[in-house]
There are 2 protein chains.
Amino acid sequence: MFLSNNRHRIATRQSKIKNQKSKIENNQYMAIQDLNQEVLNLVRKHYPQIAERALQEEIAQVGKVMHFRTGEMIMDFGSYVKIVPLIIQGSIKVSREDEEGNELFLYYLQPGETCSMSFTCCMMNKKSEIRTVAEEDTTIIGIPTRFMDEWMSRYPSWKNFVMLSYDNRMLELIRTIDSIAFKKMDERLLEYLEKKAEANNSRTINTTHQEIAYDLNASREAVSRLLKSLEKEGALELGRNRIELL
Amino acid sequence: MFLSNNRHRIATRQSKIKNQKSKIENNQYMAIQDLNQEVLNLVRKHYPQIAERALQEEIAQVGKVMHFRTGEMIMDFGSYVKIVPLIIQGSIKVSREDEEGNELFLYYLQPGETCSMSFTCCMMNKKSEIRTVAEEDTTIIGIPTRFMDEWMSRYPSWKNFVMLSYDNRMLELIRTIDSIAFKKMDERLLEYLEKKAEANNSRTINTTHQEIAYDLNASREAVSRLLKSLEKEGALELGRNRIELL
DNA sequence: AAGGTGCAGTGATGAAGGTCACAGGGGGAT
DNA sequence: ATCCCCCTGTGACCTTCATCACTGCACCTT
């Protein structure tokens, strides 16, 4: 019963995520030569720390602009990583799932950031340990993984960028551990809502209690009750599919 | 009451850790020129992946052999990192502590590994987010942080070593998250004991229930009860300050 | 307008684990 | 030998949260 219950959760969950087959994995996107100048401009605008002109141009040569719609899965747990994403616009939700289908939100990736999990995942040709889903409509520059390694040695700013990304992600993971290990559900819920609001650039969050429960690995009822009591405290306002942070 | 309780925990805790002022932070260790050959040999023996002869020699020039006794603190939460450790012998316990003194074991570092938290912590001159304590009598080679960056560009095997370390630590953190988020205390306890046994190369663990409780961020009573029930199941044997894994 | 479906609210119950209180025993210090 | 401290074991009780069961409402479909 417990198992079948979880399976149901997975089914419910995945039906929410549009386009299950990952575009990245299937390599559906093609380079469009005319876009090179666009990539160059995007990199210069959103990644000032990538300083070397030669590196910018290499990125423009091999990087591909990719778009994902809200809710679209970018990379699933267990799939092989073939590109490293530079996030240009929007935001990406990163979460973890265990063998039994329990899920847990980890953090958001924002413009100017990248997915450090990709680096060695790809260098070692390992399966992804995480799932990434577009939180909003999102634009990235996808860089084939085979360039990572070479650039690390040749371009100091790329090396710094990669190291900084690792460091930031480690810190995020540690903060996540802090929350799960030391905090109770009400505090975790508030943190979660704040982060989600920030990722969406809006104090109004459009989601269901069930979705929140999945992300926090909690039960829907508990989330409902906690939200209700937060509403009574005046911290937020509830509506159908809507939470207004105050 | 809750606060004073926690303070008491901190006090109890730190009294357990010998030599609170970190040797590393205080720079008490001096280079002993005669040991260069020793460092060289240690690196060659324990770090075969560090391939370049020139790199090995640079390490031998700037690295310092350091010893820590069981229970000795190597680096405290909040201190500034000035060296990167290459672990030669023994093992190091890495844990996290929050503002209120709650503590949580993260993972062990073993010979052949290094502390990825050090890399950017030092490159950015940030405070440490973790505490490291010698689990057994431990020998490391300490490398001043200022060399990290340069070596990354100059020596491919150093770059790979650093990247692999990051990746391994990320994975370890994710496994830790899995445990805390998805598993119940009995399973976490068993995992913990297995890891501790491995780190100490012995199926007999010498520690108190209270120490385990701190590491798992649990209560001593809960740990006692779970251990008792595990004993009844035949998974282990209990003694005073001693747990025998079967 | 009628019915269906998914979301939100809520009570009852139970399990896991934290907190409090205390008892008993091992082993070192004197 | 005695004392005392620390470690362990255990009962009682409480809080948090999961689970189950059900209600009512919003919005969509037809």
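Proteins get letters first, then strands, A, B, ... in listed order; numbering begins at 1 in each.
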Checklist entry - Do NZ/NE/NH1/NH2 and the carboxylate oxygens of A:Glu100 and B:Lys183 come within less than 4.0 Å? => result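 Salt bridge: no.
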Would you indicate whether the side-chain heavy atoms of [Y] and [X] approach each other to under 4.5 Å?
| X | Y | result |
| --- | --- | --- |
| B:Leu109 | B:Cys115 | yes |
| B:Ile205 | B:Arg242 | no |
| A:Ile212 | A:Ile243 | yes |

Take atom [atom1] of [X] and atom [atom2] of [N], then tell me their distance rounded to the nearest Å.
| X | N | atom1 | atom2 | answer |
| --- | --- | --- | --- | --- |
| A:Gln210 | C:dA8 | CD | P | 9 Å |
| A:Ile212 | D:dA18 | CD1 | P | 14 Å |
| A:Asn241 | D:dC28 | CG | P | 10 Å |
| B:Glu211 | D:dC7 | CD | P | 8 Å |
| B:Glu237 | D:dG9 | CD | P | 12 Å |
| A:Asn206 | D:dC27 | CG | P | 13 Å |
| B:Leu227 | D:dC7 | CG | C1' | 13 Å |
| A:Ile180 | D:dT16 | CD1 | C1' | 17 Å |

Next on the checklist: Let's see if you can work this out: which of C:dA8, D:dA18, D:dG9 has an atom nearest to the side-chain heavy atoms of A:Ala218?
Outcome noted: D:dA18
Item to check | Shortest side-chain distance from B:Thr208, nucleotide among D:dG9, C:dG18, D:dT8 | outcome: D:dT8
Item to check | Parallel, tilted or perpendicular: ring planes of A:Phe105 versus A:Tyr192, cut at 30 and 60 degrees | outcome: perpendicular
Item to check | hbond_proxy A:Glu221 side chain to D:dC20 base (donor-acceptor, 3.5 Å cutoff) | outcome: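 Such a pair is found, so the answer is yes.
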Check whether the side chains of [X] and [Y] place a donor and an acceptor atom closer than 3.5 Å, and report yes or no.
| X | Y | answer |
| --- | --- | --- |
| B:Ser179 | B:Glu191 | yes |
| B:Glu244 | B:Thr204 | yes |
| B:Glu135 | B:Asn200 | yes |
| A:Asn241 | A:Thr208 | no |
| A:Ser91 | A:Glu136 | yes |

Between N or O atoms, less than 3.5 Å apart, protein on one side and nucleotides 12-14 of chain D on the other: list the pairs.
from   : atom 1 : to       : atom 2 : distance (Å)
D:dA12 : N6     : B:Arg225 : NH2    : 3.3

Item to check | Distance under 6.0 Å and angle within 45° of ring axis: A:Arg96 vs A:Phe77 | outcome: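 Not satisfied by the 6.0 Å and 45° rule.
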Checklist entry - What are the residues of residues 182-196 of chain A, sorted by number, that bring a heavy atom to within less than 4.0 Å of DNA chain D? => result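 Correct list: A:Lys184, A:Met185.
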Checklist entry - Taking everything shown except B:Glu198 itself, do over 12 heavy atoms lie less than 6.0 Å from its CD? => result no
Tabulate protein N/O versus nucleotide N/O from nucleotides 22-26 of chain C, keeping only pairs under 3.5 Å, one per line.
from   : atom 1 : to       : atom 2 : distance (Å)
C:dG25 : N2     : B:Arg240 : NH1    : 3.3

Checklist entry - Should B:His209 be listed as having a side-chain N or O under 4.0 Å from OP1 or OP2 of D:dT8? => result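 So the side-chain polar atoms of B:His209 do come within 4.0 Å of the phosphate oxygens OP1 or OP2 of D:dT8, strictly under.
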Checklist entry - Pick the nucleotide of DNA chain C nearest each of B:Leu226 and A:Gly239; which residue has the one closer to the 5' end? => result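 The 5'-side residue here is A:Gly239.
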